[in-house]
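The structure under discussion appears below in the form of structure tokens.
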Amino acid sequence: MSEGHPTVTAIDETQSSRPGRTGLERYQPTEIEPRWQARWAELGLYETDLDDSSRPKSYILTMYPYPSGDLHIGHWYIVTPTDALARFHRMHGENVFFPIGFDAYGLPAENAAIKNNINPRDWTMQNIERERKQFRSMGAVFDWRFELVTCEPEFYRWNQWMFLRFLEAGLAYRRMSPVDWCPNDGTLAREQVEGTDRHCWRCGAPVEKRDLEQWYLRTTRYADELLDFHDLDWPEPIRLQQTNWIGRSEGGEIVFTTAPDDHQPGGDELRVFTTRPDTLFGATFMVLAPEHTLVARLTAPERRAEVDAYIARTQTETEIERLSTEREKTGVWLGADAINPVNGERIPIWIADYVLSGYGTGAIMAVPAHDERDFAFARKFGLPIRRVIAPSGSADDEALDDAYIAHTPDEMLVNSGRFSGMSAPDGMRAIVDWLAGDGRAKATVTYRLRDWLFSRQRYWGTPIPVIYCERDGIVPVPDEDLPVRLPEKVDYRGRGENPLNHDEAFLRVACPRCGEPARRETDTMDTFVDSSWYWFRYLSPRMDDGPIDRSLVDRWTPVDQYTGGAEHAVMHLLYSRFWTKAMRDLGLIAQDEPFRRLFNQGQILGADGERLSKSRGNVQDPDHLVARYGADTIRLFLMFMGPWDQGGPWSPTGIGGVHKFLGRVWTIALDPHGREGSGPDAAPLPDGEDAAAAARTIRMAAHRALRVVSTEYAEFKFNTMVAHLMELSNTLLRYRGTEAVDGPAWDEAIDLLLLMLAPAAPHITEELWSRRAAAAGAPPSSIHAQAWPTVDAAAIVDETREVPIQINGKVRDRVVVPVGISQADLEALALGRDKIKTLLNGRTPDRIIHAGGRLVNIVIRE
RNA sequence: GGGCGAAUGGCGGAAUGGCAGACGCGCCGGCCUUAGGAGCCGGUGCCGCGCAAGCGGCGUCAGAGUUCGAGUCUCUGUUCGCCCACCA
């Protein structure tokens, strides 16, 4: 990575900094940090020239924050290690782009507005202003000229433009779907539904389901492509979560028909999706989702009251409850039957909440013998259980205690007419082929992934640019009329309902086609729309003749490194991939994927172990910590706390240790002689070393640290990176006040320490670097413009090594040997040790393991 | 309930299948200081033996397995965290 960069050489010792013997000023971050931040801004040190192609580009992106009011410690936890990484890449000679912006639309602004009768825009913009200041106090390398705020028309205009392209391409469509509904406050978000009785957060009214026309984006069109991660360096758990979320399953769609009875003629098709067509002969009943369109038609008059009551009850349940396999099964019989296409049997049709309308066809054939949920259902309602799969040789009518799901190589079909005796996979193919012959089945693929419901019945979001005309129906707003501006004046009328519904000036519009009075769409877009393409816009945030600058996009994207919380695993990170592919297919960009490399940091929780949120009152204000310790200490402490992908409860305990470390770096960099000074009265070298040995030890410590720290930055192991820098400073501290500090090795080691620390603690290192340069009479230059140093391989070679000697895996002795010792010599040395001889007591080892010279294990069978 | 993770001293945590506990906090002892929420030095997994240098045993959520050797790999279980589609 650091190829072509020169090794840092020691500063000439005669010019090394040598502040007075007394009165080393203390490390005062609150004085240093604002001074350097101002200086960097003045120099334009962090302005990225996007047109500079002389260096390799590096697009480093961290998930932009939602401006909720205050940057809490969690934001620092997300941003500052990423900033360190950006700085690390700059030191490797890359042209780094590290932008920041604000995810400005969203529900909290609206909740605050409703509660306190203020304007969501004012609330949001005030928060952004406060957070800008806080961001600047971190000392991050953000280039603020590229800042982006999603609630500005210059940004959301292009959400609308892209939506219109999606609409043209058939990627956007409308259909009915149920929402949580409060009679007073309209559509509710899940977090606005409270309590087990599911009441409205504002008015307390019971929440019901209501069907509304909603806008969808056809994410399922890309389901298969989204399963392909081959070019992506993403964490395995995230890829797994997305794969499971997409949930591809192959199976068959089987056509059952309804049987005629006293109250309806039958003959309706009932399509079911099953992954197990091989079990068709075991289908002893059918289950429809309560929302299934045929329910009303099939229900027998005498059963209607019970069915309606059941449907009403399921409407108050959440999907998570409905899918629980532990819950007691519920359901009702419709009073109608279906005909199983394989054997012509009449089987009863039930409805039950465990079947969802949104998955497959919203109807299943129930095979209780071979499905856990169907089994529980059949047991509860006394429905027949017929075994159709069994390991060969076992009795085919044996009663089951549980659903038989195991897949063993020798299992075969039983009780399945002419298919009995076939293996399960063969049987599946044969049955589907047979039914497919006359159109009663087809092999299909189903996904758990659903299309993206992206309309919101809310004010504070991007208006969806369509117009409803009595004559022309749904009419897209012409491009030249964009943006459809969100009205700035809001009148909530004391309710949670979308105020656009009552904004006559917004609503009334002439149909773009016929000119007749028409009505604007009042739904707005999901805020995940903004985050689905914002990294393209960062490159040209003020561009006003198109959403993206194609030449910059081609050069700078995909993003090289994205960092953000794992809680976004399946939504933002999937929507972004979908959006990128959709843009590609519209011809807007050439690439398939948004983020080449991804790292998910963990989440910082409150001291109570809960998510940080203002409403919980557990947020930690970093400003007072910055005032007390300085930004560098906070940055370093957050990196030192633990593995970055782990997160955990926030506690500032231990921050003093990190601050102390920086204080020591300050001391050894500026005052290596200490009180005693050097010369005849200097302190003795440790361990009786002579000057040459001390210089070797110092160089070895510094270059070993460099070797490991370089990989730790690159691999996001910031906690051990800091630990290794502490180790180095502890080593150097042992030589403080000795003659060793007058040699070139010392100055080299201090330079390396500062360079390695620079990405993580940018202010103190800049201050020390400039002071040392001044003391050495060198021209001023920023440490952040220096090249990352190169390891001197000669400095880190060891001559001896300590090898543990084990007997049966227990360490019993250690021996120091030359590094190149042969196996035979090492073995002889080990067996010759007094302690080992005593323990062996004359017994002969059965085996001796050498583990590549790292260890000797003498194995004796007792 | 399902998906994805995690579990190591008093605490945060470290450890390519090879010396468990790096680094730091806290605590204990000492130094310095008029003073300290400052600084410096030393000690610190648990239990036992020893005045002591030291010696022995036990130890990575529980239980099984693989291996010369397991915190690490496999299986079973427990507990905790994140996500589950209108919070972002």
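Lettering of chains follows the sequences in order, A, B, ..., and the numbering in each one begins at 1. Below, each value reflects all heavy atoms present in this structure, side chains not excepted, and no hydrogens, waters or symmetry copies.
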So, do A/Trp452 and A/Tyr575 have ring centers that fall under 6.0 Å from each other?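 Aromatic pair counts; centres sit under 6.0 Å.
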Near-ring test A/Trp533/A/Phe155, centroid separation under 6.0 angstrom: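 Between A/Phe155 and A/Trp533, the centre distance is under 6.0 Å.
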Taking atom [atom1] in both [N] and [M], what distance in whole Å separates the two?
| N | M | atom1 | answer |
| --- | --- | --- | --- |
| B/G10 | B/C68 | C1' | 36 Å |
| B/U33 | B/G43 | C1' | 23 Å |
| B/U60 | B/C55 | P | 23 Å |

Any side-chain heavy-atom pair from [X] and [Y] closer than 4.5 angstrom?
| X | Y | value |
| --- | --- | --- |
| A/Ile668 | A/Ser729 | yes |
| A/Met63 | A/Thr563 | no |
| A/Ser249 | A/Tyr447 | no |

Which nucleotide in [options] has an atom nearest any side-chain atom of [X]:
| X | options | value |
| --- | --- | --- |
| A/Asn857 | B/A85, B/A14, B/C68 | B/C68 |
| A/Tyr66 | B/G18, B/A88, B/G24 | B/A88 |
| A/Ile849 | B/C68, B/C4, B/A20 | B/C68 |
| A/Asn719 | B/A20, B/A14, B/C86 | B/A14 |

For A/Pro643, report the nucleic acid contact type (base, sugar-phosphate, nothing); a contact means any heavy atom under 4.0 Å.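 Sugar-phosphate contact only - A/Pro643 comes under 4.0 Å of backbone atoms but never of a base.
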Which is true for A/Thr527 with a 4.0 Å heavy-atom rule: it touches a base, it touches only sugar-phosphate, or it touches nothing?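 Since only primed, P, OP1 and OP2 atoms lie under 4.0 Å of A/Thr527, the category is sugar-phosphate.
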Separation of [N] [atom2] from [X] [atom1] (nearest whole Å):
| X | N | atom1 | atom2 | value |
| --- | --- | --- | --- | --- |
| A/Phe637 | B/G12 | CZ | C1' | 8 Å |
| A/Asp530 | B/A88 | CG | P | 10 Å |
| A/Arg322 | B/G1 | CZ | P | 19 Å |
| A/Glu727 | B/G21 | CD | P | 13 Å |
| A/Arg801 | B/G18 | CZ | P | 14 Å |
| A/Leu605 | B/G12 | CG | P | 13 Å |
| A/Gln241 | B/C4 | CD | C1' | 4 Å |
| A/Lys660 | B/G26 | NZ | C1' | 11 Å |

Which residue lies more 5' along RNA chain B, comparing A/Arg450 with A/His724 via nearest heavy atoms: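 It is A/His724 whose nearest nucleotide is closer to the 5' end.
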Given that A/Val859 and A/Val658 both sit by RNA chain B, which one's nearest nucleotide is further toward the 5' end?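 Looking at RNA chain B, the more 5' nearest nucleotide goes with A/Val658.
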Check whether any side-chain N or O of A/Asn730 sits under 4.0 Å from OP1 or OP2 of B/A22, and answer yes or no.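 It does not, given that no N or O in the side chain of A/Asn730 lies less than 4.0 Å from OP1 or OP2 of B/A22.
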With a 3.5 Å cut-off and heavy atoms only, can you find an N or O donor on one side and an acceptor on the other between the side chain of A/Gln457 and the base of B/C86?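 A donor-acceptor contact between them is present.
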Syn/anti state for B/G39 [syn: chi within 90° of 0]: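 Anti, which is what one calls it when the glycosidic angle falls more than 90° from 0.
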